[in-house]
Amino acid sequence: MNLVLLGPPGAGKGTQATSIAEKYHIPHISTGDIFRKNVKEGTPLGKKAKEYMDKGELVPDDLTIDLVNDRLVQDDCKNGFLLDGFPRTEYQAEKFDAFLAKNGMELTKVIDIDVAEDILLDRMIGRRVCRACGKPYHVTNMPPKVEGVCDVCGGEVYQRADDTEETVKNRFKVYKEQTSPLIAYYEKAGNIAHIDGAGALDTVFAAIVDAIGA
Ligand code: AMP
C-alpha cells in the first residue's frame, strides 16, 4: 500500500501518519523529519536545508526528490510506504510519478486532509514535538503527561523553530502557491480522497481508514 498525505501545515498529517503507519504496517516517511534530523546532525544536507526551513520556504526540489528516491528503495518499503510532506510541488509530483513508473509501483491513494486556516494557525503555534522520536503534541489539546517530556520515549518535547507566527504565515502562503495545486493534479489522476481534518483525532482517523478501504 503506497500512500501520500497531503494538506496544509498543521492539518494533523504527522499525528494521523503515526496511526496509519501502525495500522497498515508501513513506514512513515516524513521529509520534514528527515530534514530536521540532518539539521540536528549538522550534515551538508542539513546545513543547506536549514536556510530554507527557518524561513518557511521549501527546500529545493532536486535535493528533496533525491532524498525521497533513496529512501523508497530501502527494504522496509517493499510492502508499501506512507509519505508525509512529499510531494509538495508539481515538479516533485511529476518526478515522483516517474520514479513509481520506473520501479513498477503505483500510488494507492492520496489523502488530502483539509482544515480551515484560522484553526490551523492556533494548532501550529501551540504545536510541540518530541525531539527524539517526532511524536507530536499540543500545549492545550494534547499535552504530554509531564511537561516537556515525551510520553513514548522520554525525549525532550520542544517547539519547532518554524512554528513561530511569522514563519507559520509564510508556510501557509507557500502551501497555497506551491502545494495546493497538487489537489487538482491528483484529482485528474483520480486517486485522491478528501478528508475533513477539523474533527477529533479518532474521527479523522476513521474517515481516513474508510477512504483507504482496506
Ligand atoms: P514539515 O515538517 O513537513 O512541515 O516540513 C518542514 C519544512 O521542511 C518545510 O517547511 C520545508 O522547508 C521542508 N520540507 C519538507 N518537505 C519538503 C518537500 N517535499 N519539499 C521541499 N521542502 C520540504
* To do: Apply side-chain hydrogen bond (donor to acceptor under 3.5 Å, both in side chains) to the pair N79 and H25, showing each step before the final yes or no.
  => CA-CA 8 Å; N79 292 324; H25 309 289; over 6 Å; no

* Please answer whether the main-chain N or O of A93 pairs with a side-chain N or O of Y186 as donor and acceptor at a distance below 3.5 Å. => no

* For I113, the option from L5, T15, D196, L6 that meets side-chain contact (heavy atoms from CB on, under 4.5 Å) -> L5

* **Pair N2, E106: side-chain N/O donor-acceptor within cut-off below 3.5 Å** => no

* To do: For the residue pair H194 and D114, confirm or rule out a side-chain donor-acceptor distance under 3.5 Å.
  => no

* Cluster companions of V152 among Ile, Leu, Val, Met, Phe, Trp, Tyr (side-chain spacing under 4.5 Å) -> none

* Asked: salt bridge (charged side-chain N to carboxylate O under 4.0 Å, His left out): which pairs involve residues 24-35, sequence neighbours left out?
  -> D33-R36

* Measure from NZ or CZ of K48 to the centre of the six-membered ring of Y52, then state whether that distance is under 6.0 Å and the direction lies within 45° of the axis. => no

* Please check if the side chain of K13 supplies one atom and the backbone of P8 the other of a donor-acceptor pair under 3.5 Å. => yes

* Mind checking side-chain hydrogen bond (donor to acceptor under 3.5 Å, both in side chains) for K102 and listing every partner two or more places apart, or none if nothing turns up? => none

* Asked: So does R171 pair up with D163, basic N to acidic O under 4.0 Å?
  -> yes

* Asked: Between R123 (side chain) and A11 (backbone), is there a donor-acceptor pair under 3.5 Å?
  -> yes

* Asked: Do D61 side-chain atoms and Q92 backbone N/O form a donor-acceptor pair below 3.5 Å?
  -> no

* To do: Please confirm whether the backbone N or O of G126 pairs with a side-chain atom of Q159, one donor and one acceptor, at under 3.5 Å?
  => no

* **Note: R71-D76 ion pair, threshold 4.0 Å (strictly below)** => yes

